[in-house]
Amino acid sequence: HMLKIKDNVDLKELEKFGFSRCELYSGYTYGYTNRELHLVVRDVSREITIQDPFREIDGDENNIEMLFDLIQAGLVEKVEG
């Protein structure tokens, strides 16, 4: 299974949640600049992935909470991988 942003949702909606456009991932990222685990939503697949941290400092931010916010807002669905 995978989590993805629903097909009927404009990915620009993610910007309202603090996501930023990221050409490196060909999609949107949240938490990338914090060097924490960060969320990525790719343009084509719309799949939501959590990328491994490459941080150099410790931090308290937990980007998994953003995933919960997206689910609560009705933007996420679970589909067969």
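Note that the numbering runs from 1 along the sequence shown for the chain. For clarity, every value in this text was computed on a predicted model and none was experimentally measured.
Tracing side-chain contacts under 4.5 Å through hydrophobic residues (I, L, V, M, F, W, Y), one never reaches Val76 starting from Val79; they form parts of separate clusters. Cluster annotation: Met2 and Ile48 are assigned to distinct hydrophobic clusters (Ile/Leu/Val/Met/Phe/Trp/Tyr, side-chain heavy-atom contacts under 4.5 Å, transitive).
A distance of 10.5 Å separates CG of Leu3 from CG of Leu39, quoted to the nearest 0.5 Å. Note that the CG atom of Leu75 and the CG atom of Leu67 stand 11.0 Å from one another [nearest 0.5 Å].
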Could you walk me through whether His38 and Gln51 pass side-chain contact (heavy atoms from CB on, under 4.5 Å), step by step? CA-CA 5 Å; His38 56 280; Gln51 300 297 317; 3.3 Å; yes

Test side-chain contact (heavy atoms from CB on, under 4.5 Å) on Val41 and Tyr25 and set out the steps. CA-CA 8 Å; Val41 177; Tyr25 287 110; over 6 Å; no

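Looking only at distances, a side-chain donor or acceptor of Arg46 sits under 3.5 Å from a matching main-chain atom of Ile5.
What you find for Cys22 and Thr29 is that their closest heavy atoms are CB-CG2, 3.6 Å. Among all heavy-atom pairs drawn from Tyr30 and Phe17, the shortest one is CE1-O, 3.5 Å.
With respect to Lys12, the side-chain contact (heavy atoms from CB on, under 4.5 Å) criterion is satisfied by exactly one of Leu14, Asp10, Val9: Asp10.
Here Glu15 pairs with nothing under the salt bridge (charged side-chain N to carboxylate O under 4.0 Å, His left out) rule; sequence neighbours left out.
Residue pairs that meet the salt bridge (Lys or Arg N to Asp or Glu O under 4.0 Å) test with at least one member in residues 69-81, sequence neighbours left out, are Lys4-Glu77.
Put simply, the side chain of Leu11 does not reach to within 4.5 Å of the side chain of Arg21, judged on heavy atoms.
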